[in-house]
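Note that ligands are numbered from 1 as they come in the structure, with each ligand's atoms numbered from 1 the same way. By convention here, the first residue in the shown sequence is residue 1. Just so it is clear, the values below take in all heavy atoms, side chains as well, and ignore hydrogens, waters and symmetry mates. Treat the numbers as computed from the prediction; the structure is a model and nothing was measured.
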Amino acid sequence: MDPLNLPDYSEILESIQDGLVVVDEKLRYLYLNKQAEKLIHKPSKTLIGKKFTDAFPNHNLNISGLIKKVKKSWKEKKVATLEIYFKPLNKWYSLIIYPLNNKFSIIFRDITQEKNLRKDLQNSKELLDVIFKHVSDGIVIQSPTGKIIYANEAAAVMSGFATVDSMVDAPLSTLPSHYDIFNEYKKPLSWKDSPGELVLKGKKESVDTVLCFVHKKTKEEIWIDIKTAQIYSNPLQKSGAVSIFHDITVLKRLEQQKDNFISLISHELKTPLTSIKVFLQLLQKQSTKSNQPAITNIVTKVSNNTEKLIKLIQSLLDVSRIQEGKLVLQKKSFSLPSLLNEVREDIQPITNHPISITVKKDTIVFADRERILQVLINLLTNSIKYSKDSKKIIINSIEKNNEVIISVKDFGSGIPRKDKYEIFKRFYQSHKHATFPGLGLGLYISSEIVTQHGGKIWVESKKGKGSIFYFSLPLKKKSTLHTR
Ligand code: ADP
């Protein structure tokens, strides 16, 4: 401190993290702080009084150009800020230059690392741009308000925009008006249920779905598999959504041909099988009447197998209905305990597995009774089929928020972890090597029935220890506990 109590400025200048150099108009060094010495790798005493051009004879700077720039900025009452590459030291510096009574003070810092990083980023951005441009999948990035901030060529083509530029900056809701958009069951898709909206409004973290775009005039269908996910700029900050569009029209067409074929065959088989069943019943009556036990026995076996065939055909028809979006639900309020008892009464006589039920008395659900019965029969017959040794089966039901969760627990073979989600897909069978009857459709149909009721279906299982299948349904009213 000086006698006037002013602070010692040189101490401050020495302590700052930026380099500070003062040169006269001939660019002779007048002052360098410690940081400046470090940054240019020369001690102050070898530089003071020396010209910059003598200290660095091989420099690459356009000095007169720099001075002009500084003076111009100064005239405009602006500070000259520059980024320069300094060849003798192979470094990038950012400079702030102040002219000061025929002198220049220069504050500078090393930005080589930052510059390289920016270059790397630019290179990877260019690389990504090239990749995104040439992939056949469409890629769209939306801002938090739904505006498109990035789209690649494929995305523009798939969604009917003439060019990428006409797509960028438009909200996705302005999809060219020549398309009607449907969900995978061919039901019209409201904008609020579109993948981007669900993710941007925070209703879902990510969406994986299939949409169908139908051209209004030509009625041509384009099927797109869409995966949409939140983007985070840091772990807490949501900064938009990214969607990947994969055109599956060809696959869908083949699938539709297969479905049409299955649907046609099932319809054709259903009528003759139903009459075979009726004739068999007649035959059964006749043979019992005329006391022909051998024939009765054979007719009963044929009858049972016909029944199995009819059930298989029924499943195939259900799959067709689901695929065509024609699974109609006839919802009404009904008593869950009475439905569960009915299921047990149907199944218990044909199995040695003891079935127990726990359900709140007077639990009323609002659903399609026949279809829920179908789900329960499927879960129960699976529990029996996949647990040898007649182990017990426990049906449980608990109420949570505005829904009821029904579970069917067995102590059978269980399901490997990798199949936990797969078993709900069409034709998927986990026990591929074992010989169990079935087509792998029951859980698919059950899951479609439950989801179309607005519920969820899932499984908890340990291989060899058993499984618990759960599904939820909307509740009609609350009630009191009753355990059997
Ligand atoms: P299916 O029983 O006709 O094969 P499902 O769709 O009902 O078809 O079931 C799909 C697959 O899930 C079955 O093939 C089986 O491997 C597995 N699975 C279903 N329920 C159970 C269960 N309770 N325990 C063990 N595995 C099961």
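Residue D410 has at least one nitrogen or oxygen atom sitting less than 3.5 Å from a nitrogen or oxygen atom of ligand 1, judged on distance alone. Residue L443 has at least one nitrogen or oxygen atom sitting less than 3.5 Å from a nitrogen or oxygen atom of ligand 1, judged on distance alone. The shortest N or O to N or O distance between I423 and ligand 1 is not under 3.5 Å. Residue S413 has no nitrogen or oxygen atom sitting less than 3.5 Å from a nitrogen or oxygen atom of ligand 1, judged on distance alone.
Nearest heavy-atom pair, A155 versus V140, reported as atom, atom and distance to 0.1 Å: CB-CG2, 3.6 Å. Nearest heavy-atom pair, K331 versus Q452, reported as atom, atom and distance to 0.1 Å: NZ-O, 4.4 Å. Shortest non-hydrogen contact noted between S303 and L280 is CA-CD1, 3.8 Å.
Against a heavy-atom cut-off of under 4.0 Å, Y428 is close to the following atoms of ligand 1: 10 (C), 11 (C). Listed by number with element, the atoms of ligand 1 under 4.0 angstrom from any heavy atom of L441 are 6 (O), 8 (O). Under a 4.0 Å criterion applied to the non-hydrogen atoms of K385, ligand 1 contributes the atoms 1 (P), 2 (O), 3 (O).
Heavy atoms of L439 found under 4.0 angstrom from ligand 1 belong exclusively to the backbone. For D419, no heavy-atom contact with ligand 1 is shorter than 4.0 Å.
Separation of the F366 and F334 ring centroids does not fall under the 6.0 Å cut-off.
Counting only N and O atoms by type, the side chains of T163 and D165 include no donor and acceptor under 3.5 Å apart. Residues N396 and S407 have side chains that never bring a donor and an acceptor to within less than 3.5 angstrom of each other. For the residue pair E126/Q122, the side-chain donor-acceptor check at 3.5 Å is satisfied.
When the heavy-atom distances from atom 3 (O) of ligand 1 to G466, G442, G440, S315 are ranked, the shortest goes to G440. Considering Y444, F424, Y386 only, the shortest heavy-atom separation from atom 18 (N) of ligand 1 involves Y386.
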- Message: Quick one, E83 with K115, criterion salt bridge (Lys or Arg N to Asp or Glu O under 4.0 Å). Give me CA distance, side-chain angles, the key distance, then yes/no.
- Response: CA-CA 10 Å; E83 281 185 5; K115 208 68 188 174; 2.7 Å; yes
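F469 counts as a contact of ligand 1, since one of its heavy atoms falls under 4.0 Å from the ligand. Ligand 1 has S467 within reach: a non-hydrogen atom of the residue lies less than 4.0 Å from it.
Within a 6.0 Å sphere centred on CZ of R109, other residues, nucleotides and ligands contribute 12 heavy atoms or fewer.
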